[in-house]
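In what follows, every chain begins at residue 1, and chains take the letters A, B, ... in the order their sequences are listed. We use all heavy atoms of the structure for the numbers below, so side chains are in, but hydrogens, waters and symmetry mates are not.
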Protein chains: 2
Amino acid sequence: MSDSQKFPVAAHALAYLAHKGAFAPEQAVSSAALAASMPTNPVVVRRVTSMLGKAGLIGARAGANGGAWLLKPAEDITLDNVLRAVNGCAHLGVAPPGAKGCPVGEKIPEAVSAAIVAADKAVAERLGKITVADLLKDC
Amino acid sequence: MSDSQKFPVAAHALAYLAHKGAFAPEQAVSSAALAASMPTNPVVVRRVTSMLGKAGLIGARAGANGGAWLLKPAEDITLDNVLRAVNGCAHLGVAPPGAKGCPVGEKIPEAVSAAIVAADKAVAERLGKITVADLLKDC
DNA sequence: GTAATCGTATCGGTAGCGGTTACATATACG
DNA sequence: CGTATATGTAACCGCTACCGATACGATTAC
């Protein structure tokens, strides 16, 4: 796995949808409009919104006046959900397997893995306290 | 930036040094021995131990019977120090700059950045509660 | 002096990402 | 019905970073 801008793009897109009041198909915002607000490419936005759609966070419709809209109030979308939706995590690496036959060499990787899992969990818990609505507070 | 195995390699190496009782030049462990315990390449290990050395966590000496040793008790080395030493972080991405002229498009990136910083901080705090000694507990 | 070891440079192969173009599908509107 | 608009996805390119390996000078023990 590699670094990615998916999470910030996703968070920005959701906040933008909330700001535009896009809560139904009639108020859908196009990927071109979302992309212009980053700014980035519309396809990059659609790659992310597609994942957010599969996670049940947004709806989308093709065709004229189509685009994406939020399926839940902004206060009900926490950023840990967003992170999971775009396959993100703390990306601290994967513990090496450890040498065979060495009891210590086999135990250490488990402990290192546990530490990485703990870090991932800490991220999820922290982001769970931030909602999309919070991103718009100072506007 | 990209994903990296530096953090798990560093944590494993430090735990292995602690287990081997390497606390002085006389008990130095070679990069070849550390690499064999992962397993990985000695050069990969030296790239990491070099960073740990610059961070003041370990000492190293060239020459016959050379290698690396811990400069502090294992209980005093927390994993957030290790993560910082190898240039790691939560790697959630960088907030896009936002569109010019749009007051909201300019505020959202700040909020997204703040969320990413909060997540990084959560990782550091969680890893700050885990020491190298903890990695050896069940051995 | 010899052997061992570190630190670093360099190269090759791999992988993922962002940006772009392209295209089939779907939808609104006249 | 036909046209314009927009999504979703695939394909391709250039870029970056990583890991592994080889190599080499510098350092150190014996």
Calculate the interatomic distance between [X] atom [atom1] and [N] atom [atom2]; express it in whole Å.
X	N	atom1	atom2	answer
A/His12	C/dG18	NE2	P	15 Å
B/Lys6	D/dA17	NZ	P	10 Å
B/Gln5	D/dG20	CD	C1'	13 Å
B/Phe7	D/dA17	CZ	P	21 Å
A/His91	C/dA15	NE2	C1'	14 Å
B/Arg47	C/dC6	CZ	P	14 Å

Those residues that, when tested against [X], pass side-chain contact (heavy atoms from CB on, under 4.5 Å) (two or more places apart):
X	value
A/Lys6	A/Ser4, A/Val48, A/Met51, A/Val86
B/Ala28	B/Trp69
B/Asn41	B/Val43, B/Val44

Which donor-acceptor pairs under 3.5 Å do the side chains of residues 7-17 of chain A make with protein atoms, sequence neighbours left out?
| unit_1 | atom_1 | unit_2 | atom_2 | d |
| --- | --- | --- | --- | --- |
| A/His12 | NE2 | A/Ser37 | O | 3.2 |
| A/His12 | NE2 | A/Ser37 | OG | 3.3 |

*Interface residues of residues 61-71 of chain B with DNA chain D (non-hydrogen, below 4.0 angstrom)*: B/Arg61, B/Ala62, B/Gly63, B/Ala64, B/Asn65
*Mind running a 4.0 Å heavy-atom check of residues 34-46 of chain A against DNA chain D and sending the residues that fall below it, in number order?*
A/Val43, A/Arg46
Contacts under 3.5 angstrom, residues 94-113 of chain B side chains, donor-acceptor by atom type, not counting sequence neighbours:
| unit_1 | atom_1 | unit_2 | atom_2 | d |
| --- | --- | --- | --- | --- |
| B/Glu106 | OE2 | B/Gly101 | N | 3.1 |
| B/Ser113 | OG | B/Pro109 | O | 3.4 |

_On a heavy-atom basis, which atom in A/Val29 and which in A/Lys20 lie closest, and how many Å separate them?_
CG2-CB, 4.1 Å
*Heavy-atom closest pair, residues A/Ala119 and A/Leu92*: CB-CD1, 3.6 Å
Mind checking what makes salt bridge (Lys or Arg N to Asp or Glu O under 4.0 Å) contact with [X], not counting sequence neighbours?
X	result
B/Asp120	none
B/Lys137	B/Asp134
B/Arg84	B/Asp80

*Residue pairs passing the salt bridge (Lys or Arg N to Asp or Glu O under 4.0 Å) test where at least one lies in residues 42-65 of chain A, sequence neighbours excluded*: none
*asked:* Can you see if the side chain of B/Ser50 gets near the phosphate of C/dT8 - specifically, an N or O under 4.0 Å from OP1 or OP2?
replied: yes
*Identify, residue by residue, the members of residues 14-31 of chain A with a heavy atom below 4.0 Å from DNA chain C, and return them in order of residue number, or none.*
none
